[in-house]
Amino acid sequence: MSGAHRGRHAVPPARYTACQTNEIKGMRASQFHISTTKETPNDAEIASHQLMLRAGFIRRLGSGLYSWMPMGLRVVRKIEAIVREEMNRAGALEVLMPSVQPAELWEESGRWEKFGPELLRLHDRHDREYCVGPTHEEVITDIARREIKSYRQLPINFYQIQTKFRDEVRPRFGVMRAREFIMKDGYSFNLGEASLQESFDSMHVAYCNMFDRMGLEYRAVEADSGSIGGAMSREFHVLADSGEDAVVYSTEGDYAANMEKAAVVSQGSRGEASESMASVDTPGVHTIAELAAQLQVDESRCLKTLLVQGTEETPVVALVLRGDHQLNEIKAEHLPEVASPLVMADAETIKAAANCDAGSIGPVGLNVPVIADADAALLSDFICGANENGKHLTGVNWGRDLPEPEVRDLRNVVEGDPSPVGGGTLKIVRGIEVGHIFQLGDTYSQSMGATVLDENGKPQTMMMGCYGVGITRIAAAAIEQNHDERGIVWPMAIAPFEAVICPINMVKSDAVREAAEALYAELLAAGVDVLFDDRPLRPGAMFTDMELVGIPHRFVVSDKLLANDEIEYRDRRQPESEVIARADVLSRIV
RNA sequence: CGGGGUAUAGCGCAGCCUGGUAGCGCAUCUGCUUUGGGAGCAGAGGGUCGUAGGUUCGAAUCCUGCUACCCCGACCA
């Protein structure tokens, strides 16, 4: 085609080259904006928030609202570039949808009602209702139903990288949980489950590629798919001690799951009853810890009984767990007998149902349905509340002193539990959720009428998958995982600059200036994204700044070193610097 | 939305208890010196003390309302 049209141009058209963010490489510090602080802002709680503020990456505008400053934006752009490349490589197509969305679409899907106050709603001058998009299922489904008419156009996967707004109850931790944030959201449209599974699998691979390239330690875990139902769902967590989620993984095999989802495999069998049931006085005992301490027994021999809201037929349900175990609320609210979302019974309800206060409830003689966790059901000669304030029962046995309970998996897994898949035992670590992929099925396509004609000319509702990545959250998560007492330690792929040149006393030494300029030119030519710190700063201030900002490679140029044709090199992760030959510079980074 | 806390210069804080007209460190600006781990000296600029009202001769300080922000519990990338 170029040949056919060339003749129409008096001058040959310019040759367009690929333009990616990374093409704009290099910077002189004197031409940039670096604003670091020595002191930690007092409202920043976690390391990433503190360091991003101190290093001048972000500035707060209002609650949950942050501006990205030039240094920080470089990180965001690099993360975006990696995400974009991996999405494109997986065959997804980039679009850009409006962030303001008409209410009508949300009414069609039913979410205008369902999505509570987290949805920021607004009116235009004609008093029409809109929302600022927290996500884009409605818009993309609207696009798909207009654009996609034939099964021949499927499968197709659209994505965008865009600002989202969620009116979080409590924004915190800086950009980790902001109200406005940048997200990559993608949506696949498929004909049939098998095709959906293929799209899902390809996204799983793409996500692994992204996080691998970013140099992050992460885990893909099984997750609860929420109200949508039994569809496939995977969360991607960056591992960091400050993470808000508990991630469970097996010491052997690939099993990994969110704590919410991790299944307990109950083992062992119930012992013989050897004691007879007796009542003991336990004045002032309200917790399992107090009970175990007073009776000199292990918490695992005690039962805790929680009353929760049930259904219309049985408004109150008792959930029974071993004293040392924690209730898994997600598992509980999935039970048909239990209200969803889970609501703990209030003091009045407890009084009415058990005739006592919260610290003294027990399953014996309790006139509500009793559902026991599998491990609680295995206990014999156990201790539990007597449904009378200040009293507990000892030597209690299922089947003898009270009916056998309904048995379910109700608890959180604990470290050392057997893995439900593939052997090994479970470990628990903290994670920050930075990605989530799941199969939506036909939830939106059904309610919004997104169909295609199949090969028989029959309309078929498309299946959908939904794939999210928290771009700005990744920046924060990467810092949580990679920092030390001096500042940030960026992985190379998402560092604001890959290397920095620090000249010593350049204002006085033309030799240092010339050598630093030459090194800058050489690194740029080699394609290194390098910052030339040409500010007239003393060395200490310069080093401290660059370590706070977290640039992975540092080259120091000084008269002393130049005399031997040497450069000092320091890897940000290493405790010491080393002197290397001038000629070896490139070998350290490229 | 419940519970707790804070609001004084760009940032971090003192002053408040016991009212008398605002101070320290960092940062900023000027000059000189300094230059391998956040330099020193000298000087300068910058605050209607969150906001509205009340008490008082007089309020940063005492009282009341409001607002904003932060922290702890139910949501999510």
Side-chain angles (χ1 to χ4, degrees), chain A residues 34-46 49-50 53-54 56 59-65 79 83 115-119 133-136 161-186 207 223-224 226-227 234-238 243-245 258 260 329-330 333 341-344 431-438 466-477 486-487 502-509 512 535-548 554 556-561 568 570 577 579:
Chain A
I34 296 174
S35 71
T36 56
T37 63
K38 199 184 292 190
E39 303 199 69
T40 303
N42 116 61
D43 54 359
E45 202 60 14
I46 61 170
H49 190 196
Q50 292 175 348
L53 288 169
R54 284 189 56 207
R59 293 292 177 236
R60 198 184 73 93
L61 179 64
S63 176
L65 303 172
I79 294 169
V83 170
F115 218 99
E118 205 174 295
L119 185 65
T135 173
H136 277 69
I161 295 176
Q162 192 224 27
T163 295
K164 297 279 186 273
F165 192 95
R166 295 185 189 175
D167 201 352
E168 292 278 349
V169 185
R170 189 150 87 82
R172 57 186 147 168
F173 305 147
V175 300
M176 186 79 82
R177 179 177 300 276
R179 293 196 294 174
E180 185 173 316
F181 58 98
I182 301 174
M183 177 172 162
K184 187 285 291 179
D185 51 323
Y207 275 43
D224 187 78
S227 47
R234 285 282 183 286
E235 288 173 352
F236 290 77
H237 286 260
V238 167
E244 291 189 88
D245 291 293
N258 191 306
E260 293 176 350
E329 301 194 3
I330 301 294
E333 70 187 24
L342 186 76
V343 182
M344 302 300 285
I432 299 165
E433 187 187 350
V434 293
H436 193 178
I437 58 176
F438 61 99
C466 170
Y467 317 99
V469 171
I471 302 282
T472 40
R473 183 180 277 183
I474 287 174
R486 289 173 299 162
C502 294
I504 303 296
N505 202 8
M506 188 169 74
V507 285
K508 286 281 177 62
S509 167
V512 168
R535 298 174 297 171
L537 285 185
R538 298 164 65 86
M542 198 157 35
F543 295 158
T544 314
D545 261 4
M546 292 304 120
E547 284 167 353
L548 174 61
R554 183 182 81 190
V556 177
V557 180
S558 75
D559 276 316
K560 196 172 60 187
L561 294 160
E568 179 189 296
R570 174 103 176 239
S577 46
V579 173

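What you see below is based on every heavy atom in this structure, not just the backbone, and it leaves out hydrogens, waters and symmetry mates.
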Any N or O donor-acceptor pair under 3.5 Å from the base of [N] to the side chain of [X]?
X	N	answer
A:R54	B:G38	yes
A:D545	B:G38	yes
A:R535	B:G38	no

Open item on the list: Give me the atom names and distance for the closest heavy-atom approach of A:M546 to A:C502.
Closed with: CG-SG, 4.4 Å
What distance, rounded to whole Å, do you find between the two [atom1] atoms, one in [N] and one in [M]?
N	M	atom1	value
B:U64	B:C11	C1'	32 Å
B:A14	B:A52	C1'	27 Å
B:G54	B:A59	P	12 Å
B:U6	B:G50	P	14 Å
B:A44	B:C71	C1'	40 Å
B:A9	B:U61	P	15 Å
B:U28	B:U56	P	48 Å
B:G23	B:G38	P	31 Å

Name the nucleic acid region contacted by [X], choosing base, sugar-phosphate or nothing; use a 4.0 angstrom heavy-atom cut-off, strictly under.
X	value
A:R234	nothing
A:E168	base
A:R59	nothing
A:T36	base
A:V469	nothing
A:A178	base
A:E235	nothing

Any [X] side-chain nitrogen or oxygen under 4.0 Å from OP1 or OP2 of [N]:
X	N	answer
A:S63	B:C70	yes
A:R172	B:C69	no
A:R538	B:A39	yes

Open item on the list: Can you work out whether A:V175 or A:L561 has the more 5'-proximal nearest nucleotide on RNA chain B?
Closed with: A:L561
- [ ] For A:H49 and for A:E333, locate the closest nucleotide of RNA chain B by heavy-atom distance; then report the residue assigned to the nucleotide nearer the 5' terminus.
- [x] A:H49
Nucleotide of [options] approaching [X] most closely (side-chain heavy atoms):
X	options	value
A:D245	B:G37, B:C76, B:G36	B:C76
A:E39	B:G25, B:U35, B:G38	B:G25
A:E568	B:G37, B:G73, B:G36	B:G36
A:R177	B:C75, B:G36, B:G37	B:C75
A:R554	B:G37, B:G12, B:C71	B:G37
A:N42	B:C75, B:G12, B:G36	B:G12
A:K38	B:A77, B:G38, B:C71	B:G38
A:D43	B:C69, B:G37, B:C76	B:C69
A:I504	B:G37, B:G36, B:C75	B:G36
A:S558	B:G36, B:C76, B:G37	B:G36

Pairing nucleotide - [N], Watson-Crick or G-U, each distance under 3.5 Å:
N	result
B:C17	none
B:A59	none
B:C24	B:G12
B:U30	B:A42
B:C1	B:G73

Judged by atom type as modelled, is there a donor-acceptor pair below 3.5 Å linking the side chain of [X] to the main-chain atoms of [Y]?
X	Y	result
A:R179	A:D167	no
A:R473	A:V434	no
A:R177	A:P171	no

[X] [atom1] to [N] [atom2], straight-line distance once rounded to whole Å:
X	N	atom1	atom2	result
A:L537	B:A39	CG	C1'	12 Å
A:R570	B:G36	CZ	P	17 Å
A:F173	B:C71	CZ	P	7 Å
A:K164	B:C75	NZ	C1'	18 Å
A:N505	B:U33	CG	C1'	13 Å
A:M183	B:A77	CE	C1'	5 Å
A:R60	B:C11	CZ	C1'	14 Å
A:L119	B:C75	CG	P	18 Å

- [ ] Please say whether the positively charged group of A:R554, taken as NZ for Lys or CZ for Arg, lies over the ring of A:F543, i.e. under 6.0 angstrom from the six-membered ring centre and within 45 degrees of the axis.
- [x] yes
Task: Sole candidate of A:R535, A:R486, A:K38, A:R538 that passes salt bridge (Lys or Arg N to Asp or Glu O under 4.0 Å) when paired with A:D545 - done: A:R535
- [ ] Just do the side chain to side chain contact (heavy atoms under 4.5 Å, CB included) check on A:I504 and A:V556 with the steps written out, would you?
- [x] CA-CA 7 Å; A:I504 303 296; A:V556 177; 3.6 Å; yes
Open item on the list: Taking A:E45 first and then A:R172, would you say they form a salt bridge - that is, a charged N and a carboxylate O separated by under 4.0 Å?
Closed with: no
- [ ] For A:N505 and A:V512, run side chain to side chain contact (heavy atoms under 4.5 Å, CB included): C-alpha distance rounded to whole Å, both residues' side-chain angles, the deciding distance at 0.1 Å, then the answer.
- [x] CA-CA 8 Å; A:N505 202 8; A:V512 168; over 6 Å; no
Task: Interatomic spacing from NZ in A:K184 to CD in A:Q162 - rounded to 0.5 Å - done: 13.0 Å
Task: Stacking check A:F181 vs B:A77 (5.5 Å / 30 deg) - done: yes
